[in-house]
Each structure stands twice: as structure tokens, then as C-alpha cells.
Amino acid sequence: MRHVIESAVLTQDFERIEQEVALVSTEQNMMVYVILDSSSEIQYANHIIWRDSNANNVLEGYSAERHRSSTANNKPYINVSFDRLSIQVYYPLNANSRYSYSNAAELVYLEYDIANLLSEASESLLKRFIEIWGFGALVLTLFCLLLHYVLIRPLTQLSQAAKNLDDPDFNNNIVCITTEINNLRDYLNLVKGRLSRSRKRLNDAEQRWLFAVEGARNGIWDWAIATGDVFVSDRWKEILGYQHYELDNDYSVWESRLHRDDKEQVLNTLQNYINKQHDEYESVHRLRHKDGRYIWVLDRGKIVEWDELGRPLRIIGTITDVSGDVKNQRISVDKINHNGLTDLINREVLADELYDLQVFSRKTGQFSSLLMINLDNFKLINDALGRQLGDRLLMQIAARLSGNFSNAGLVARLGADEFVILAKNLGSEIDQANKRALALASEVRQLIGRGFTISEQNLSISARIGLVVFDGIESLEPQVLLARADNALEQAKDSRSNGCAIYEPQLDNNQIQPFKLQNELKHTISNQQMSLVYQPVVDQAGRLHSAEVLMRWYHPQFGFISPTKFIAAAELTDCIFELELWALDQVIEMIHTLQQAKANVPIMSLNISSRHFHQDHFVNVLMSRINAAQISPNLLQLELAEDIFVVNTNIAKAKIAELQRYGLNIAMDNFGGGSCAVHLLQGIGFSQVKLAAVYLDEIEYNPEKFNIVNAVVDFAIKLNLPVVAKQIENKQQLNLLTHAKCTWFQGYIISRPLDKEDMIQLIKTQLSLSVVP
């Protein structure tokens, strides 16, 4: 049609357009075929009555907006309208504008009826559907009949006979029509004999289980849920100080003795288990003793009977008295402040136990073992739940360990997420002792990994275990044994160790010592083992202000080495100068990269050691490199520790002033750490002061510490010193430091240290890291 219109306009033969439209009109399914101008006036139409009318008035499916959009984009638009059962097409015409008539033909609009096509397709589909499913139904019917006669009917006869398996004459009820039924009847005879033997073994196993439970000195309880009847064993009553005849078999016997602070949680845990919200019932709580005091018990249970609808009818469980173990570990709950774990194990007691265990091993010729257990993700759970519930989790872990391994030896807790088990009688051969110790460690990991329920939340936690096996012949100090276990624990954190590792002498060799660090540091830059990461510092709105530059060292033999170790070792040699100047060169290169990308460059903050700062040529060397690189000094910030004022205070102040005159920003790290007298800061305009991390320790739990932080920040503000809160780990700390009116914020809660590529991407996009809790 476009070609026709262009030709007609060229030859001024407009009858040709009418003929073309008339030809299209012969298609019986063509509902509308019109040629429109820019004002939606119909110039030509397949129905003459529409001609010279406005399409908006006579064409129901026409859209002027779609018309304008199609001609503006010079692209056809096709739409299938299932409401009108038609295809609508807007096709723009690019007639030559040299001819005055071309403006009258701008777009072809047509609407094609597809109702008949859809009807035919539906009928065809329905017919095909009936044919296929009719044939399928026939096949399925034949298959079901065959299945019934071949499989179901013989099995029905067999199942009816099996119901009378206990009947001595059950064979008489089986009609032996086929060989298969005959074989199955013979098999049922075999099953009957096996069932009889299994019943006897089950009865024997029950008796052995009862003996084992009594030998473990656990109390047994059996609760019929529907009736409320409770059976408690004599040992259960004995744990609470009662004689076997003094307590009734009633549910209230147990519930009435729950400590009021534990009652709600225990009942919720039990109910959630009954409601199938938890996989097992386990609780550490207090029960009232006959003499009025409360004892800690580890209470465990399992559903053993259900009704026909799958509802639990009966639970059997045990209680274990863990009061002694809890007391030994000094795990107690502060009733006033609810601070949870208020004390740790007395290390002198642990040292005495280690001495005694070595003497025991030496006398008996049996190997013993020290297992150091570290909880992998306790800190994450503690932050998520809060300290009080984290303490409850620790108590439950301690009780579970005590309830299962107290017979093997001492169970103790060393720190927030670290436990110790002392095991003895592992055998007289070292290979045998190692295998038993590893088996014990594996059992401990499985026990902890079974999961816990705290405040109606299912928690998963894993553990790593380092072991040291000893026979007592080599008399070792307790701290040596603990150090060896700690070395093994580090090895256990390797993903290839399956979470357990036994101490071996070569592990000591893998612990890199300071003098080794000094030698290795000489080659770290040339061997490209050192790298930089950048940790953002943002304001309260999350806007990026600066980035602290941090060094990372990956050694091919020792892996990642902590900066606290290698920086301290480098400061003992001249390596610290080379490392810090290398970091400066890398940062300058980073700034050039950002400037070439036309990105807003944040202030790059480098840590400078006090020893390097006090070098006579420090300022000259630093400025020569900055000037040679032709970058603005105000893009750099030097972070100095408080101890720069310990020696030559006046020289330090003069050097800081000189650096500031060159345009460098100077920040003080570890502000308020205590190694610098406040009056020494007089007259120094620091660009930042970074709050000492010690102030953040337990700030979310200790109101007094928060008051101290408030005072320190307020003091800095009065001195016109912007405060950076660093090493922020969780939202509680962030919230408190925000209220303390810190100026900037830094820490993992905001952003981890980023490598060069990630930092460049962050700067380019100016990503806002939200700080407001």
C-alpha cells in the first residue's frame, strides 16, 4: 500500500488507491481497512460510508494515541485483541513529502476478524482432545483390569491371610490358586518364625536398655498425653530427693516443680515438639528438689506412639542431673541484670585437673586426651538473638556436653565460645588412643551439630575441635598442653580437616614465629604477596567520606597472616618503611585510576607507624613521591597512633604542622586509648580522631561504658575534632554510636574491606551505605 500511495501521488492517479482499497475489501474477514491522515480523518475506507469521517467517531477499536505513537516511531504496531476477537494493525506510510497530497495519507489502520479462525481451532483441538483421551481411557481401563487380576487380587488374598498371622491355623485361610500365592504363604511362615524371635530380642533389648539407663544414672519419665498420666522411675524421684513411694504418677508432679523463670520456655519447647515444629525435645532447666533448692537438669524426650491420625499419644524421656557440671563451669544467670554468663571456669582448677590427668596416665599406662572445642558461628547467633539468649544457648551446649561426656572426664568452658573435655582411658597404644580421641571428637561435633531450640527458634551451630593426646611420661605444663591443643584447633579450621585435628609436632613449625616473619617480610613485596584493601568511612546518611587503606599478606606456606602480627614484626626492622611507602605508591596509582575515570576521589587514609613518622627524612620522602605523582595532597590522610607523642612531643607537633601546611590530612588513631596525655593534643587540628576500639567492647550491654563513650565523643567535639567510630560489628553498637553523635562510621556492619576493583566500583556508583539503624 505504501508503494501504491507513493506511485499514485507521483502520477496523481488517486483512483488507483481507491481500487487497491476496494480490492482489499473483498476479503470477508477484513472488518476495517482505512487510510488516515495526521488528524485521524479517513481518506479511504473499505466501507464508503466511513470516508471523510473521523476515525475516533466511527471506528470502535481505533486508538488515536496508538496512531501517533506508530507514526512518530515509524514502526508498525500489531495487537491481537481477544476482547474483540480481531487483529489490529497500525502501519505508518512514509509518502514523499514533496507532494502536497502525501500529508493526507499517513497511516493504514486495519482490523481483521479472527473469530472464525479461533472457532475452527477450538473445534479441531476439542476433537483431537477427545480422540486422544478416549484412546487413553481405554488403554488405562485395560491396564487397570490387567493390574487387578495380575497383582491386586492375589495381594488382597495375601493381606487378608496376613491379618491372621498369629493364628496357628492361618495357613488354612489362604487359597493357593497360583504358584506365587503358594510361595508367599511359605514366606509368611518364615516371617512368623522371625517375628517370634524378634519379639524375644526386643524384650531382651528393652531389659538391656533399662539397665543401661539406670547405669547412666538417668531418670526416666513416660507421659501419656491424652490422659495426663505420667510414670517416673525411681531414679527420677531420687534425683529430686524423693523415695520411690513419695510421688504420684501425675503430670503436675513434673510441671509444679519447674522454676518459674524457666516454666514458660520449657512448656513452649515441649508443645512445639508435640506440634511437630521441632524435630526433638531437649531442654536445660531447673526443677525443685525436695529440700526446696533447685537443681539443673538436662531433659530429653521422644514421641514413641501415635494414633491413627498421626497425633502423638505418648512421650518417653530422661532427665540428667547436670547441676554439678554447671556449678563447676560457674554458669549462672544474674537474676537482676540478666547478664547471663557472669564468670568463667577457674583456670587453676583446670590446671590441677591436667596435672592429675598426667599422673593418672603415667601410673596406668593409659593415654589421655585434651579436646579443645570452638563454636564456629556462635558470635553470629549471639548478635542475632542478644546476649541473654546467647547465654541460654551456651548453657544448653554445656549441659548437653556434661550429660553425655561427664563420665569420660572433666567438661569445662574456657571462654565465650570455647569448651574443653579431658578424656582418659583411651588405650595403651598411641594409634588406638588417637582413633578413640578422634571418635570422641566426632561424637562431640555431631552432638553439637544436632541443633538447639532457644525461645522457639531452631538454631544450628557447628564446632571445630583440636586434640592433644598424651601418656603423662613427658610431664608438661598445663599451658603447654593448652597451646598444643590450640595449634591443633587452628589446623582443624582448615576445610580439609573435617573439623577435627590431632596435635603433631610439625604443627608448631607451621606457626610462624616473629623472627621468621622478619625474614619473610624482606621478600613479600618482590614476591607480590602483599595487597591492599579499602574500608569505607561514611557519614550518618551513608555518604562515602574516606577509605582506610589496610595491608593484607597472603603467604604461600602460612596462608593469611594477621596484620597485628606482621606489622609488629615489620616495626622491629626497616621493612616497615618499605611497606608503608609501597602502600603509598599503590594508593597514588589508585587515585590516578579514579581521576582518569572522572570519579569523585574520597580521602585515602594510610596508617603510618610511629617509627616511620619519626624518621628524619620522612616528610621529604613522602612529599617527593606525592609531588612526583602530581596528585593533590588533600586527597591523602595519614593515620597516626597516640604513641607518636611519647618521644619528642615538640618535634612530633612540628612535623604534623609541616605536613598539614603541605595540604595533607592528619588523623589520630586509637583516640582515648590512654597512651597519650590530653594536653599534648593542644593546638593540633586533626582531620579525624578514631575512637579506640576498646570503648566498643560490651557497649551494647553495659550502660556505664556507653556513658563513657558519650563523654569521650562530647569531649572531642568540644575540641573541634570529628570522631570516627571504627570496628562497628552490629546494629546495637551502630545505634548507640549514632546517638553519641559520632561524625563518621566504619566497620563490618557498614562494609567489609574491599579490594581495589570493588572499591573503584563503589566510588564510581557513589553507593550509599545506610548507617541509620
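Nothing here was measured: the structure is a model prediction, and the numbers come from that model.
Remark: side-chain polar atoms of Asn73 are paired, donor with acceptor, to backbone N or O of Ser69 under 3.5 angstrom. Remark: side-chain polar atoms of Asn627 are paired, donor with acceptor, to backbone N or O of Met623 under 3.5 angstrom. In this structure, the side chain of Ser40 does not engage the main chain of Ala55 through any donor-acceptor pair within 3.5 Å. Using modelled atom types, one side-chain atom of Ser624 and one backbone atom of Val621 make a donor-acceptor pair closer than 3.5 Å. Between the side chain of Asp37 and the main chain of Ser39, a donor-acceptor pair closer than 3.5 Å is present. Distance alone, capped at 3.5 Å, places no donor-acceptor pair between the Asp539 side chain and the Trp744 backbone. Between the side chain of Gln88 and the backbone N or O of Ile78, no donor-acceptor pair lies under 3.5 Å. Ser119 contributes no side-chain N or O that, together with a main-chain N or O of Ala115, makes up a donor-acceptor pair within less than 3.5 Å. Side chain of Asn665 to main chain of Leu636: a donor-acceptor pair is present (N/O by atom type, distance under 3.5 Å, no hydrogens or angles). Judged purely by atom type and a 3.5 angstrom limit, His592 uses its side chain to pair as donor or acceptor with the backbone of Ala629.
Here Glu123 does not pair with Arg128 in a salt bridge; the nearest charged N to carboxylate O distance is not below 4.0 Å. Under the 4.0 Å criterion applied to side-chain N and carboxylate O atoms, Arg51 and Glu18 are assigned as salt-bridge partners. A salt bridge does not link Glu658 with Arg661: every distance from a Lys NZ or Arg NE/NH1/NH2 to an Asp or Glu carboxylate oxygen is 4.0 Å or more.
With rounding to the nearest 0.5 angstrom, the NZ atom of Lys127 is 12.5 Å from the CD1 atom of Ile132. The distance from the CG atom of Asn29 to the CD atom of Glu111 is 12.0 Å, given to the nearest 0.5 Å. Distance check, rounded to the nearest 0.5 Å: CH2 of Trp50 to CD1 of Ile42 gives 7.5 Å. Remark: Met530 CE to Ile561 CD1 distance equals 8.0 Å, nearest 0.5 Å. Between Leu126 atom CG and Ile130 atom CD1 the span is 4.0 Å, to the nearest 0.5 Å. In this structure, Ser526 OG and Glu578 CD are separated by 8.0 Å, a value rounded to the nearest 0.5 Å.
Side-chain contact, Glu120 with Asn116: no donor N or O sits under 3.5 Å from an acceptor N or O. Using modelled atom types, one finds a donor on one side chain and an acceptor on the other under 3.5 Å when comparing Asn607 with Glu548. At a cut-off of 3.5 Å, with distance as the only test, no side-chain donor of Lys726 or Gln535 sits close to an acceptor on the other residue. Side chain to side chain, Tyr112 and Glu27 meet the donor-acceptor criterion of an N or O pair below 3.5 Å. Using modelled atom types and a 3.5 Å distance limit, the side chains of Gln637 and Ser687 yield a donor-acceptor pair.
For the pair Ile760 and Leu594, the minimum side-chain heavy-atom distance is below 4.5 Å. By the 4.5 Å heavy-atom criterion applied to side chains, Asn670 and Lys690 are not counted as neighbours. Side-chain contact between Leu754 and Val533 is absent, with no heavy atoms from C-beta onward closer than 4.5 Å. Leu118 is listed as a side-chain neighbour of Leu85, based on a closest heavy-atom distance under 4.5 Å. Looking only at side-chain heavy atoms (C-beta outward), Tyr109 and Val89 stay at 4.5 Å or farther from each other.
Within 6.0 Å of CG in Leu138 there are more than 12 heavy atoms belonging to other residues, nucleotides or ligands. Within a 6.0 Å radius of CD in Gln630, no more than 12 heavy atoms belonging to other residues, nucleotides or ligands are found.
Under the 30°/60° scheme for interplanar angles, the aromatic rings of Trp133 and Phe129 are found to be tilted. Between Tyr62 and Tyr90, the ring-plane angle classifies as tilted under the 30° and 60° cut-offs.
Nearest heavy-atom pair across Gly672 and Tyr695 is O-OH, 2.6 Å. Scanning all heavy atoms of the two residues, the minimum distance from Val713 to Lys741 falls at CG1-O, 3.8 Å.
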Could you give me the CA-CA distance, side-chain angles and deciding distance for Val538 and Arg543, then say whether side chain to side chain contact (heavy atoms under 4.5 Å, CB included) is met? CA-CA 5 Å; Val538 301; Arg543 293 182 291 265; over 6 Å; no

Side chain to side chain contact (heavy atoms under 4.5 Å, CB included) assessment of His67 paired with Thr71: CA-CA 6 Å; His67 175 158; Thr71 55; 3.7 Å; yes

May I have the step-by-step check of salt bridge (Lys or Arg N to Asp or Glu O under 4.0 Å) for Arg68 and Glu65, ending in yes or no? CA-CA 5 Å; Arg68 289 190 294 271; Glu65 181 180 354; 5.6 Å; no

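Applying the side-chain hydrogen bond (donor to acceptor under 3.5 Å, both in side chains) test between Asn54 and each of Asp52, Asn57, Asn56 identifies Asn56 as the sole match.
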